[in-house]
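Contents: one structure, followed by commentary.
Since the model is a prediction, treat every value here as computed from it, not as a measurement. Numbering of ligands and ligand atoms starts at 1, following listing order. Computed over heavy atoms, backbone and side chain alike; hydrogens, waters and symmetry mates excluded.
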Amino acid sequence: MRIVILASEGAPYVKSGGLGDVMEALPAALARIPGNEVTLILPYYKKIKDNPAYPVERVLEYSVQLGWRDQYAALMRLTNRTDGVDVYFVDNEYYFGARPGAIYGDLDDGERYAFFSRACLNALSILDYIPDIIQCNDWQTALVPTYLKAMYHERFAGTRCMYTIHNIEYQGWANAGFFDDVLGLPWEYRGCLDMNGSVNMMKGAIETADMVTTVSETYSRELMYPYYAHGLDGIIANASWKLTGITNGIDVNTFNPETDPNLPAHFNADTFVEGKRLCKAALQEEVGLPVNPDTPLMVMVTRLAGHKGLDLLCYIARRLLWEEDCQMLILGTGEPQFESFFLQLQEEFPDQVSAKITFNLGLAARIYAGGDVYLMPSKSEPCGLSQMNAMRYGTVPVVHATGGLRDTVPPADENGEGGLGFTFQSYNGDDFLASLKRCLHLYHNDREGFHRLQHRDMCQDFSWDAPAGRYMELFHQMLGA
Ligand code: GLC
């Protein structure tokens, strides 16, 4: 099967969050399935262009029409990818190549990604490369299914399009004028992109894609409710007949405590007690906490953003630190009020708290390996990847039972039996505190039971094999095969 995947980010080339991880591992997992031909297309950002590790050749120069604009584009092929995925970049100096700094956040982001979406379809059309499936992701490539239906239906008559929502919060809103000025779509598509008098690109994708997926089963159901859907609950409900949730995997080769080059000691599900003891001592030392093997170390690697549940953690933090023998370690950057809260907490509780307000992949790996308990009280979480990283490294998750957290962390009882971590149901600080206390109680009073829980976490299969198989089932279904 010929599969083309379009996205605004993909590790290792460019990544701002979980979407980047998925766009590294999912194409590779699909390419491992015999008979598949997998292509990934990303924008040619400055940071990719400037990186000598990514040699390219130019395969095509062409133009892209955006409303009245006629823009230059070039398709660059990466020449050193070795896992069977063909990677291409769309080059345009003005939209991507000459912009320093973060990949998102420019005032013309709408136009930039409209350009990218059209440029991908134009390139495929000019090269006469007709895919069976086009899979696109989040608001940045949300125009693809609409363009496909409106302007390329003859050229790509046999192609089916899947649209995947990784986070419904960012929908690609633009003012009404954007429709004529930039998109240049036929009038009959105005209604499908319109929401409250503005353009909403994600809405258009949900309506025009042949199939819509989200990144966990629970999230696919939550999206029917206003609390989670950021205004799109009605649109999602109308499309529920073509909506499926597929829980992400993680890259189990990169995230492997037996081989991870960032770790001071290596371990597996049989040797983790000793391995994690070494990693924990080294970590406590590295982050300036007292080196104590019997004090439970609670850790968090996260963007410091509101929906990650940090308000709950702020609310209970002092009570927790006063009442419990425990240490807390936070790694991440983000909203200033959270950055200063954790720095302040570190000052107040120097023997219990360490706040590392930075982005550091090596330290993140050492935290997954050296921690005892992983905190993830997200208010909503489409899938979440770090709880799976944590479990793979034997760190017990305490999570809010929402979205992918609910699907990947079935609740254990107070003896640590029957599940993979500790969960709380309603988004509430006291419930979070109670579940954390259950976890710490098990750690302090039944270390054997805690180890059994860690062992179960480490034995889970979080690889992409099963999810990739689910994507294939849906692709076959879309093609009527
Ligand atoms: C987004 C979601 C996250 C998900 C990731 C990959 O970042 O917020 O929950 O794991 O996409 O699908």
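Legend: residues meeting salt bridge (charged side-chain N to carboxylate O under 4.0 Å, His left out) with E24, ordered by chain and number and at least two apart, are absent.
Between the side chain of R452 and the main chain of G416, no donor-acceptor pair closer than 3.5 Å is present. Checking side-chain atoms of D138 against main-chain N and O of N167 turns up a donor-acceptor pair under 3.5 Å.
Under the 3.5 Å distance criterion, with hydrogens and angles disregarded, a donor-acceptor pair is assigned to the side chains of Y13 and R81. If you check the side chains of Y113 and T141, you find no donor sitting under 3.5 Å from an acceptor.
Between L263 and Y393, some side-chain heavy-atom pair lies under the 4.5 Å cut-off.
Within 4.0 Å of ligand 1, protein heavy atoms come from G18, L19, V22, H166, N167, V215, N248, E381, P382, C383, G384, L385.
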